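Quick notes on the structure that follows.
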Amino acid sequence: MAASSAGEIAKIFKGLCQRFNKDAVKAERSYYFSLGEDEKWTVEITREKCTVTRGRNQESDVFFKGPPELFLDVWNGRHQLGPKDFLTGRVKSNRPLLLKDFVAAFQAPETKEKRKQR
């Protein structure tokens, strides 16, 4: 993995707590991300806070394992995960549908005006 990818991934995980939207949390969960050989991160989400730690610190409710470059493409909106990613083994997860809840917890809250535009 390129050093720039590793730096970008670390920056994303270290910045998650600032992006945390507790109003979007449906249930308390822990997520473990294994991205290549070196990037391992655990994210715990409660209805009140987000905690991010490097490495694996417990048995997580949801795990995501895949190439770091794919994670960056998904995070930056260049790729949307689909069944093919999981069926080919490019990405592994024990509960892939719950990954959407993870993403929702870090998206900016929708304003009333944005909802009206839909």
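Here the structure is a predicted model, which means the values were calculated and not measured.
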What heavy-atom pair brings [X] and [Y] nearest, and what distance separates the two atoms?
X: Glu39; Y: Ala10; answer: OE1-N, 4.3 Å
X: Val52; Y: Cys17; answer: CG2-SG, 3.9 Å
X: Ala24; Y: Ala104; answer: CB-O, 3.3 Å

Next item on the list: Give the C-alpha distance, both sets of side-chain angles, the deciding distance and a yes or no for side-chain contact (heavy atoms from CB on, under 4.5 Å) between Thr51 and Val43.
Entry: CA-CA 6 Å; Thr51 306; Val43 181; over 6 Å; no
Any donor-acceptor pair under 3.5 Å linking the side chain of [X] with the backbone of [Y]?
X: Asn21; Y: Asp23; result: yes
X: Tyr31; Y: Ile45; result: no
X: Arg19; Y: Phe106; result: yes
X: Ser30; Y: Asp61; result: yes

If you round to the nearest 0.5 Å, how far is [atom2] of [Y] from [atom1] of [X]?
X: Lys100; Y: Gln107; atom1: NZ; atom2: CD; result: 11.5 Å
X: Lys92; Y: Asp85; atom1: NZ; atom2: CG; result: 13.0 Å
X: Ser60; Y: Asn94; atom1: OG; atom2: CG; result: 8.5 Å
X: Lys65; Y: Ser93; atom1: NZ; atom2: OG; result: 12.5 Å
X: Ile9; Y: Glu69; atom1: CD1; atom2: CD; result: 7.0 Å
X: Leu81; Y: Asp73; atom1: CG; atom2: CG; result: 10.0 Å

Check: Hey, mind stepping through Leu35 and Lys40 against side-chain contact (heavy atoms from CB on, under 4.5 Å) and telling me if it holds?
Finding: CA-CA 6 Å; Leu35 309 171; Lys40 315 288 187 204; over 6 Å; no
Next item on the list: Check the pair Arg29 / Asp101 against salt bridge (charged side-chain N to carboxylate O under 4.0 Å, His left out), numbers first and verdict last.
Entry: CA-CA 9 Å; Arg29 290 199 180 93; Asp101 291 349; 3.0 Å; yes
Next item on the list: Please test His79 against Leu70 for side-chain contact (heavy atoms from CB on, under 4.5 Å), starting from the C-alpha separation and ending with a verdict.
Entry: CA-CA 8 Å; His79 182 79; Leu70 177 62; 3.5 Å; yes
Checklist line | Glu8 and Leu72: CA distance, side-chain angles, deciding distance, side-chain contact (heavy atoms from CB on, under 4.5 Å) verdict | finding: CA-CA 8 Å; Glu8 191 174 347; Leu72 289 172; 3.8 Å; yes
Notebook entry, point to check: Please walk me through it: do Glu48 and Lys22 pass salt bridge (charged side-chain N to carboxylate O under 4.0 Å, His left out)?
Noted result: CA-CA 6 Å; Glu48 296 302 317; Lys22 67 181 182 180; 3.6 Å; yes
Item checked: Single hit among Phe33, Tyr32, Phe63, Trp41 for ring pair (Phe, Tyr, Trp, His ring centres under 6.0 Å) with Phe102 ->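 Passing option: Phe33.
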Next item on the list: Evaluate the side-chain proximity of Val103 to Trp75: yes if any heavy-atom separation is below 4.5 Å, no if none is.
Entry: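 With C-beta onward as the side chain, the pair stays apart.
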